[in-house]
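Shown next, in structure tokens, is the structure this report addresses.
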Amino acid sequence: MNDKLWDPSRARFQTRARILLHHLTLLKNLWTLGPMTEREVRTLWFYLFQLAGTGVALDYSDIIPGARGFLEWVQETVRQGSMRGEEFQQRLDQFLEIPRHLIAGQEMAPESSAQVVWGDRLVVVDNKPTLLWEKALRQHAVSIFTMPFSPTQVLRTARIMRPHMILLNAASPVRELESLCAVLRDDRRLDGTAVYLYVRAEQSELPAKLLRHIDGLITDYERSESMAAQILGILARVNQRRESSIWDPYTDLYSLAYLRERLEEEILRQQRQPTRLGIIALTWDPRSVHTMDEEPGRTYLIIRRLAEYLQSQIRRSDVVAYDGMGRFYLVLFEANRRVISERTKMIQQQIRTETDMGLGSLLTGMALAPDHGNVPEDLFTHADRALWDELEQATVPSSLSTLSP
């Protein structure tokens with residue numbers, strides 16, 4: 001791991017702020033079309049937290065109360081079922097006025113949204129991809145990564161990124177395509193990833209062996225609106241399936257849905273016994289090396305390394321989960337405040353000293369049951385607020401770590 005002094009240049013963080021603001025603006029209208037889902041709230045948390053951390057790095061900590069207050073209003077209104085699209089849009093517009101001077105004097109490049117590496121992830125395998133429907137999907141917060149047909153490289157990329165969908169051009173060599181699809185389908189690390197081919201309408205004769213290894217076909221891809229609509233429909237089904245799974249497909253850790261169910265059971269059991277349980281929320285510092293314009297594989301590799309580290313540090317009775325948007329939750333059963341506090345310090349120290357972790361800085365938050373609530377959502381909320389507290393109290397780090405090659 002290479003250590004380097006924090007670069008005082010504002011350009012890198014101004015670029016990140018510009019991309020985050022632009023992406024929030026693109027997503028704003030989508031979030032006013034219907035009831036906000038839990039997944040969308042988590043997405044909003046990630047963008048606001050990243051933007052707040054970028055503001056701190058630019059010596060503008062006043063952005064934190066605005067981002068934090070807006071998110072807390074969203075969480076409360078979603079919980080009450082009183083979210084109104086018009087009010088959400090107005091409040092987000094008001095908040096976005098706060099940090100605009102962070103990017104004063106910088107023009108917004110139209111291709112900036114393509115650099116955002118969060119949201120639904122789609123790998124397009126084609127030597128000559130169609131840019132029109134790629135652009136249409138990016139407007140819906142879909143991150144698209146295009147690569148030429150190379151079975152080995154496709155497989156390596158998929159294992160690192162764990163995309164929601166892999167879309168292959170059926171014009172690729174049939175024998176190699178069939179072998180690749182068979183490997184993708186049998187790889188347990190890619191559970192929950194949809195594998196589709198896109199073909200011309202007249203290209204209906206495909207080998208039966210090939211069709212057995214894919215989830216479906218997409219036709220009429222020359223029309224960008226039709227193609228985008230088909231893909232968005234598939235991604236909606238993929239997300240629904242992932243939300244109900246007990247495993248997170250990127251990290252092989254438990255999903256947030258499973259963790260919530262497990263917590264409900266443990267809290268009820270705990271109320272009959274004089275024991276406690278605690279949650280440690282972890283996420284990386286937005287001011288560290290995770291820039292929005294670095295290659296996406298590096299970010300996913302960091303997520304995987306942190307997931308493997310946390311998994312190795314827990315007892316058999318404990319649980320660690322990933323929420324899909326940059327937050328890990330480590331649940332310690334039958335642990336008091338002192339034990340949880342010591343475990344938090346140990347994790348932070350080891351993250352700093354591990355030479356192969358690739359993580360520049362880590363923020364942590366803690367919540368205890370029953371001290372901070374008797375329902376899972378109260379515990380998650382308290383732990384997340386502690387992350388905001390730590391971000392608000394932190395100063396610019398003296399050194400940042402980069403990912404080892």
Side-chain angles (χ1 to χ4, degrees), residues 23-24 26-47 113-126 129-147 154 157-170 180-181 184-185 187 189-199 213-251 255-257 296-297 299-300 303 322-326:
H23 207 55
L24 277 168
L26 289 177
L27 295 177
K28 179 179 62 179
N29 291 332
L30 291 176
W31 281 326
T32 62
L33 295 178
M36 185 173 287
T37 66
E38 178 186 347
R39 182 170 176 271
E40 289 170 332
V41 174
R42 294 203 305 269
T43 305
L44 183 63
W45 185 96
F46 174 79
Y47 281 114
S113 61
Q115 298 176 353
V116 178
V117 298
W118 290 95
D120 292 334
R121 287 170 282 274
L122 172 61
V123 173
V124 180
V125 182
D126 192 350
T130 304
L131 297 178
L132 289 178
W133 53 262
E134 285 192 24
K135 182 178 179 181
L137 288 170
R138 286 193 177 105
Q139 300 304 309
H140 289 79
V142 178
S143 298
I144 299 181
F145 308 98
T146 302
M147 59 189 308
V154 171
T157 302
R159 285 172 173 171
I160 292 174
M161 289 178 49
R162 309 293 178 95
H164 294 69
M165 182 178 179
I166 300 175
L167 188 58
L168 303 111
N169 189 346
L180 174 61
C181 290
L184 292 172
R185 178 55 59 229
D187 195 323
R189 285 168 288 187
L190 298 178
D191 284 348
T193 297
V195 179
Y196 273 73
L197 302 181
Y198 66 101
V199 301
H213 301 303
I214 63 173
D215 294 295
L217 302 173
I218 292 180
T219 59
D220 198 22
Y221 66 85
E222 292 90 347
R223 296 173 54 198
S224 61
E225 293 183 1
S226 174
M227 179 72 162
Q230 292 179 73
I231 292 175
L232 289 172
I234 294 167
L235 291 176
R237 294 192 294 273
V238 169
N239 285 321
Q240 186 176 26
R241 187 166 65 245
R242 288 189 171 190
E243 289 292 331
S244 62
S245 172
I246 69 171
W247 299 106
D248 172 72
Y250 306 126
T251 60
S255 67
L256 199 60
T299 302
Y300 299 126
I303 294 173
Y322 180 62
D323 80 334
M325 277 290 161

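Numbering starts at 1 and runs along the sequence shown.
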Between D120 and R39, does any NZ, NE, NH1 or NH2 come within less than 4.0 Å of an OD or OE carboxylate oxygen?
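A salt bridge links R39 with D120.
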
Heavy-atom distance under 4.5 Å between the side chains of [X] and [Y], does that happen here?
| X | Y | answer |
| --- | --- | --- |
| L184 | H213 | no |
| L232 | V142 | yes |
| L122 | H164 | no |
| D126 | M147 | no |
| I303 | Y322 | yes |
| L256 | E38 | yes |
| I234 | Y196 | yes |
| N169 | L197 | no |

Please report the C-alpha distance between I231 and L137 in whole Å, then the side-chain angles of each, then the deciding distance to 0.1 Å, and finally whether the side chain to side chain contact (heavy atoms under 4.5 Å, CB included) criterion is met.
CA-CA 8 Å; I231 292 175; L137 288 170; 3.7 Å; yes

Distance from D323 atom CG to R42 atom CZ, nearest 0.5 Å?
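If we round to the nearest 0.5 Å, D323:CG and R42:CZ are 5.5 Å apart.
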
For [X] versus [Y], what's the shortest heavy-atom pair and its separation?
| X | Y | value |
| --- | --- | --- |
| M165 | L167 | CE-CD1, 3.9 Å |
| M161 | F145 | CE-CD1, 3.0 Å |
| S245 | S255 | O-OG, 2.6 Å |
| C181 | L168 | SG-CD1, 4.2 Å |
| V238 | G192 | CG1-O, 3.5 Å |

Please confirm whether the backbone N or O of T219 pairs with a side-chain atom of Q230, one donor and one acceptor, at under 3.5 Å?
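Between the backbone of T219 and the side chain of Q230 there is a qualifying donor-acceptor contact (under 3.5 Å).
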
Just checking E225: does its CD atom have more than 12 heavy atoms from other residues, nucleotides or ligands closer to it than 6.0 angstrom?
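Not buried by this count: 12 neighbours or fewer within 6.0 Å.
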
Sorted by first residue and then second, give each salt bridge (Lys or Arg N to Asp or Glu O under 4.0 Å) pair with at least one member in residues 159-170; sequence neighbours left out.
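As it turns out, the salt bridge (Lys or Arg N to Asp or Glu O under 4.0 Å) pairs with a partner in residues 159-170, which skip direct neighbours, are R159-D187, R162-D252.
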
Taking the six-membered ring for Trp, are Y198 and W133 closer than 6.0 Å centroid to centroid?
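Yes.
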
By side chain to side chain contact (heavy atoms under 4.5 Å, CB included) - contacts of T193 (at least two apart):
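Applying side chain to side chain contact (heavy atoms under 4.5 Å, CB included) to T193 gives P163, I166, L190, R242.
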
Apply side chain to side chain contact (heavy atoms under 4.5 Å, CB included) to the pair V125 and T146, showing each step before the final yes or no.
CA-CA 6 Å; V125 182; T146 302; over 6 Å; no

